[in-house]
Amino acid sequence: WLLFQIIRRRKKEDLVASEANAALKAIESGDELRNVIIRSYMQMLSIAEEEQGIERSDSATPREFERLMTARGIPQAPLHQLTGLFEKVRYGSRPTDSQDERSAIECLSAIRSSANSNKLDPR
């Protein structure tokens with residue numbers, strides 16, 4: 001059972017780390033920040049649904065889903081930051097700026113680091 005949990009957690013966090021890394025590379029290569037944020041956020045939702053058995057109801061807000069994901073081990077502060085960026089680009093009408101880019105790099109880097117450092121934690 002313990003070995004299964006370690007392998008399952010490693011796979012889940014590798015996917016989260018991979019998604020954060022892909023988003024960081026997309027930012028570095030000059031992809032449109034709005035698209036990178038939306039794609040990354042949605043992919044992390046998909047990972048949570050598939051790997052962690054979480055289902056997002058159609059009426060759940062990004063903040064409600066954020067709480068579910070932090071309960072499953074994704075760090076709260078960078079996820080909160082990513083959620084705020086997602087809400088800004090998805091629901092707001094203002095364009096992104098250099099502060100948004102710095103914020104995206106910061107939160108995605110923290111998510112990637114956390115996922116990589118917790119690979120073998122069997123909790």
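Each residue takes its place number in the sequence, starting with 1.
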Legend entry - Distance in Å, Cys107 SG paired with Arg102 CZ, rounded so as to fall on 0.5 Å steps: 13.5 Å
Legend entry - Gap separating the OG atom of Ser114 from the CD atom of Gln76, nearest 0.5 angstrom: 12.0 Å
Legend entry - Short side-chain to backbone donor-acceptor contact, Arg34 and Val89, under 3.5 Å: yes
Inset, instruction - Measure the CG-CD1 distance between Asp100 and Ile37 for me, rounded to the nearest 0.5 Å. - result: 6.5 Å
Inset, instruction - Show the numbers, then the answer: is there a side-chain contact (heavy atoms from CB on, under 4.5 Å) between Arg39 and Asp31? - result: CA-CA 11 Å; Arg39 184 175 52 242; Asp31 288 5; 3.8 Å; yes
Legend entry - Minimum heavy-atom distance Glu19-Ser40, with the two atoms named: OE2-CA, 3.2 Å
Inset, instruction - Could you check if a side-chain atom of Met44 sits within less than 4.5 angstrom of a side-chain atom of Leu108, using non-hydrogen atoms only? - result: yes
Inset, instruction - Taking the side chain as every heavy atom from C-beta outward, state whether Thr96 and Glu101 have any pair of such atoms under 4.5 Å apart. - result: no
Legend entry - Among Val16, Asn21, Leu24, the one residue meeting side chain to side chain contact (heavy atoms under 4.5 Å, CB included) with Ile111: Val16
Inset, instruction - Taking all heavy atoms of Ala17 and all of Arg112, pick out the closest pair and write down the distance. - result: O-CG, 3.9 Å
Inset, instruction - Drop me the distance from His80's NE2 to Glu66's CD, to the nearest 0.5 angstrom. - result: 6.0 Å
Legend entry - For Ser29 against Ala26, the heavy-atom pair lying closest together: OG-O, 3.0 Å
Legend entry - Ring geometry between Tyr41 and Phe86 (parallel below 30°, tilted from 30 to 60°, perpendicular above 60°): parallel
Legend entry - Smallest separation among heavy atoms of Val36 and Ala23, with atom names: CG1-O, 3.6 Å
Legend entry - From Leu82 atom CG to Glu87 atom CD, the distance as rounded to the nearest 0.5 Å: 10.0 Å
Inset, instruction - For Ser109 and Ile105, indicate whether the former's side chain and the latter's backbone hold a donor-acceptor pair under 3.5 Å. - result: yes
Inset, instruction - Look at the side chain of Thr83 and the backbone N and O of Leu79, then say whether any donor-acceptor pair between them is shorter than 3.5 Å. - result: yes
Inset, instruction - Verify, without hydrogens or angle tests, whether Asn35 (side chain) and Glu32 (backbone) share a donor-acceptor contact under 3.5 angstrom. - result: no
